[in-house]
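Step one of this worksheet: look at the structure below.
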Amino acid sequence: GVSNSAGCLCESASSHGGSPCGYVGDGHSRYSRTSLECFFLLWAFFIGEMTDTVVSQNALSLILLAGFMLGVVFLLRWIWRRPIPAGVLPELKPESGESVISARSIMSPEEATLYNLITLAARDHMLVLAKIPLLSVLSIVDKDEEARKAAMRTIQPVRCDVVLAHPGTLKVMTVITLNKEVPGTEGREDRDRFVETLLKAAGIQSIVLQVSQTYSVEQVTGLLGLAEEE
């Protein structure tokens, strides 16, 4: 403790020829230089002890704060992802006029024009479907479960504009994107490239048609690879 250190310091001063703490031999001053040295050494020791205590307390506070924040993050993720309990559903009251529920168009008129051309070109060969979630088109299996989940989260919001499926096996053969030439959002290009990589790995043909461009049935048939050889 402090008292033991003080005793050691004073004894050290005496053993080297100095007077014990508190007195001098020349009669000019009550306190010797050795006494002042003892005082400053004791003061430095006291400050060092206090500093170590403060640093230890700060480190402990930071650890506790980090643990608390991590717990909050996991709690929020659990609340966000947990399923809605049985019997607890949103209350909508369309009959009272408080809620307005109506049917919406699944595509624009320009997209519908292209969809009709695709239907005319492929209906004798394929099932033609529209606005199918990509998660319904692809099956992803990976030994790394975290990587698989990350891939699923990435493609979860993607909808295929038009899908051609084999009428017998019902497996998807072609995915058609109707490009509207609108500015993409941040990260959209990276996601589109990732989707293209997945489609290629699954052996699914990917075709892009421009909504602003005019096509004939023959052109679409050729682009889909459904033209009959003469």
Stepwise side-chain contact (heavy atoms from CB on, under 4.5 Å) check, L223 with I176: CA-CA 10 Å; L223 291 172; I176 304 171; over 6 Å; no
Separation of T214 OG1 from Q219 CD (nearest 0.5 Å): 9.0 Å
Whether S136 side chain and I132 backbone form a donor-acceptor pair below 3.5 Å: no
Point-to-point distance, once rounded to the nearest 0.5 Å, from CE of M152 to OG of S139: 7.5 Å
Approximate separation, where rounding is to 0.5 Å, of M107 CE and L178 CG: 7.0 Å
Distance, nearest 0.5 Å, that separates CD1 of I155 from CZ of R159: 10.5 Å
Same apolar cluster (I L V M F W Y, side chains within < 4.5 Å links), M126/V163: no
Check: R191 and V158 side chains under 4.5 Å, non-hydrogen atoms: yes
Check against side-chain contact (heavy atoms from CB on, under 4.5 Å), L120 and T221: CA-CA 9 Å; L120 289 174; T221 302; over 6 Å; no
Point-to-point distance, once rounded to the nearest 0.5 Å, from CG of L170 to CE of M173: 11.5 Å
Heavy-atom side-chain proximity of L164 to L127 below 4.5 angstrom: no
Please tabulate, for side-chain N and O atoms in residues 201-211, each donor-acceptor pair with protein atoms closer than 3.5 Å (sequence neighbours left out).
residue: Q205; atom: OE1; partner: T174; partner atom: OG1; Å: 3.0
residue: S206; atom: OG; partner: E196; partner atom: OE1; Å: 3.1
residue: S206; atom: OG; partner: E196; partner atom: OE2; Å: 2.9
residue: Q210; atom: OE1; partner: N179; partner atom: ND2; Å: 3.1

Exercise: identify the closest heavy-atom pair between V141 and R148: CA-CD, 4.1 Å
Interatomic spacing from NZ in K180 to OG in S212 - rounded to 0.5 Å: 11.5 Å
For L226 against H125, the heavy-atom pair lying closest together: O-NE2, 4.0 Å
K131: partners by salt bridge (Lys or Arg N to Asp or Glu O under 4.0 Å), with sequence neighbours left out: E111, D161
Nearest atoms (heavy-atom pairs only) where P157 meets R153: CD-O, 3.7 Å
Any donor-acceptor pair under 3.5 Å from D144 side chain to A147 backbone: yes
By side chain to side chain donor-acceptor pair (under 3.5 Å) - contacts of N116 (at least two apart): none
Considering all heavy atoms, the nearest Y215-L114 contact: CD1-CD2, 3.5 Å
Nearest non-hydrogen partners of G222 and A227, listed with the distance: CA-CB, 4.4 Å
Hydrophobic cluster identity match, V162 and L129, side-chain contacts under 4.5 Å: no
